[in-house]
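Accompanying notes for the structure given below.
Letters go in sequence order (proteins before strands), and every chain restarts at 1.
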Amino acid sequence: MDPDLLRAQLLAWYDLNARSLPWRVGPADHAAGERADPYRVWLSEVMLQQTTVPHATPYFLAFTDRWPTVSDLAGEADGEVMAAWAGLGYYARARNLLACARAVANDHGGVFPDTEAGLRALPGLGPYTAAAVGAIAFDLATNVVDGNVERVMARLFSVEAPLPDAKPELKRLAAGLVRDHRPGDWAQALMDLGATICRPKSPLCDRCPVAAHCAARASGAPDSYPRRTAKAARPHRHGVAYVLTRGDEVALVRRPPKGLLGGMLALPTSDWRDGRWSDTEALDAAPARAAWQSAGEVEHGFTHFTLTLQILRAEGEAADVIWSPLRDLDGLPSVFLKAARAGLSSLL
DNA sequence: TATCCGTGGGC
DNA sequence: TGCCCAAGGAT
């Protein structure tokens with residue numbers, strides 16, 4: 001396999017087929033001298049961590065509309081940013097996003113570092129994101145390796161070792177294709193290929209610009225790569241969520257700054273444990289004395305467990321809660337939005 | 001190093 | 001329906 005021929009073929013494909021994305025400077029504009037805004041590249045890359053383009057896109061547009069520069073974002077209050085992130089998931093990203101914006105604003109004069117090491121030192125930028133911002137915003141010849149690139153390498157070279165053990169090998173293979181020429185376009189071309197052609201299931205090899213180089217295709221079963229080790233089953237947990245209203249307001253709490261849903265607004269809940277909660281236990285764990293009534297339950301899948309929330313609903317008073325308008329629940333993580341809607345189904 | 005950390009869409 | 005998966009990072 002000739003790496004430089006492969007590169008030329010993939011870049012030519014990208015020149016014709018690059019997806020139009022709100023944070024992207026297309027290959028033609030880039031060739032004409034237009035440069036991507038590091039703030040927008042960084043923001044998009046953080047939002048896209050483990051998140052699909054369709055899910056992240058409206059958040060990207062809302063953030064850049066509301067906070068056009070990194071200094072605007074750095075000056076915002078924590079709660080506003082966390083609420084704007086609600087629904088995107090992996091909320092540590094939002095906490096690190098603010099920490100990073102403030103580091104850039106306060107320690108770097110509002111300008112992103114233009115080296116991979118400088119980017120890597122910022123909160124929330126790991127090996128992937130530092131390499132991606134470096135390549136796309138600063139034309140650094142970094143090795144940008146995400147899940148797409150791992151899959152493309154596993155197929156091109158029919159890597160038999162299963163993920164995640166194969167990660168170092170896949171990264172080495174990707175590094176062998178990096179050149180100083182058009183590093184940002186190269187990274188995005190590889191990821192576009194993985195997202196649209198070299199898909200996890202049903203890859204479109206007939207349309208692949210580098211199919212002639214692909215060992216997995218030659219094997220006849222390209223979709224069997226990358227190999228993966230079996231995953232453990234997800235456990236099931238149970239909790240009680242309390243929907244307490246006071247007129248047209250609902251009682252919320254701010255979750256602790258770290259851990260699951262850290263820093264986010266939430267419904268008051270019991271602990272989450274292996275077994276269901278009896279009525280007596282659920283009343284004992286309630287945030288206030290009130291005429292609690294059962295309002296059904298909701299189920300929600302997290303990364304490592306499935307949660308069933310039994311819902312209790314009441315009208316009343318409580319101490320140490322944040323009273324929030326019923327019509328303004330958008331700042332809640334999805335699991336609590338789901339539970340609140342179930343508990344308030346008679347009102348909403 | 002292994003585990004924790006959300007969400008929604010596709011099949 | 002249940003499982004897989006998506007432009008990963010922090011600890």
Which label fits A:Phe60 and A:Trp23: parallel for a plane angle under 30°, tilted from 30 to 60°, or perpendicular past 60°?
perpendicular
Return the polar atom pairs (N/O with N/O) between nucleotides 7-11 of chain B and the protein under 3.5 Å, or none.
residue	atom	partner	partner atom	Å
B:dT7	OP1	A:Tyr91	OH	2.7
B:dT7	OP1	A:Ser334	N	2.7
B:dT7	OP2	A:His300	NE2	2.7
B:dT7	O3'	A:Ser334	OG	3.2
B:dG8	OP1	A:Ser334	OG	3.2

Find the distance A:Glu150:CD to C:dC5:P and express it as a whole number of Å.
12 Å
Suppose we screen for salt bridge (charged side-chain N to carboxylate O under 4.0 Å, His left out). Which residues come up paired with A:Arg40, at least two apart in sequence or across chains?
none
Whole angstrom is fine here: how far is it from CZ in A:Arg93 over to P in C:dA6?
15 Å
Spacing of A:Gln49 atom CD relative to B:dG6 atom P, expressed in whole Å:
13 Å
Quick one: label A:Pro123 by what it contacts on the DNA or RNA (base, sugar-phosphate, nothing), any heavy atom closer than 4.0 Å.
sugar-phosphate
Quick one: do A:Arg237 and A:Asp271 make a salt bridge, cutoff under 4.0 Å?
no
Give me the ring orientation class for A:His236 and A:His238: parallel if the planes are under 30° apart, tilted from 30 to 60°, perpendicular past 60°.
parallel
Using the rule that two of Ile, Leu, Val, Met, Phe, Trp, Tyr join whenever any of their side-chain heavy atoms come within less than 4.5 Å, decide whether A:Trp292 and A:Leu309 are in one cluster.
no
Counting heavy atoms from C-beta on, name the nucleotide in C:dA10, C:dC5, B:dG6 closest to the side chain of A:Asn96.
C:dA10
When you measure from every atom of DNA chain C, which of residues 19-29 of chain A have a heavy atom less than 4.0 Å away?
A:Arg19, A:Leu21, A:Trp23, A:Arg24
Which of parallel (below 30°), tilted (30 to 60°) and perpendicular (above 60°) describes A:Trp272 and A:Phe336?
tilted
note: A:Tyr128, atom OH; C:dA6, atom P; distance rounded to Å ~ 13 Å
Between A:Trp272 (CH2) and B:dC5 (P), how many Å, whole number?
9 Å
How close or far is atom C1' of B:dG6 from atom CZ of A:Arg255, stated in whole angstroms?
12 Å
Hits for salt bridge (charged side-chain N to carboxylate O under 4.0 Å, His left out) against A:Arg289, two or more places apart or cross-chain, chain-then-number order -> none
Using the P atom as the reference point in each nucleotide, state the distance between B:dG8 and C:dG9 in Å, no decimals.
22 Å
Taking NZ from A:Lys258 and P from B:dC5, how many angstroms apart are they, rounded to a whole number?
13 Å
Quick one: is A:Arg151 getting a side-chain N or O under 4.0 Å of the C:dA6 phosphate, OP1 or OP2?
yes
Please tell me if A:Arg228 has a side-chain N or O lying less than 4.0 Å from either OP1 or OP2 of C:dC5.
yes
Residue pair A:Asp2 / A:His213: nearest heavy atoms and the distance that separates them:
O-CE1, 4.3 Å
Could you pick out which residue, A:Gly124 or A:Glu45, lies toward the 5' side of DNA chain C when each is mapped onto its nearest nucleotide?
A:Glu45
For DNA chain C, list all stems, counting runs of three or more consecutive pairs where every pair is Watson-Crick or G-U wobble with both distances under 3.5 Å.
B:2-5 with C:8-11, B:7-11 with C:2-6
Under 4.0 Å, heavy atoms only, any strand: does A:Ser44 hit a base, just the sugar-phosphate, or nothing?
nothing
A:Tyr128 side chain to A:Glu45 side chain, donor-acceptor N/O pair below 3.5 angstrom
yes
Please identify each residue that fulfils salt bridge (charged side-chain N to carboxylate O under 4.0 Å, His left out) with A:Arg254, with sequence neighbours left out.
none
Any donor-acceptor pair under 3.5 Å linking the side-chain atoms of A:Arg93 with those of A:Tyr91?
no
Validate the cation-pi geometry between A:Arg179 and A:Trp186: distance from NZ or CZ to the six-membered ring centre under 6.0 Å, angle to the ring axis within 45°.
no
Can you check the A:Leu260 CG to C:dG9 P distance for me, whole Å?
20 Å
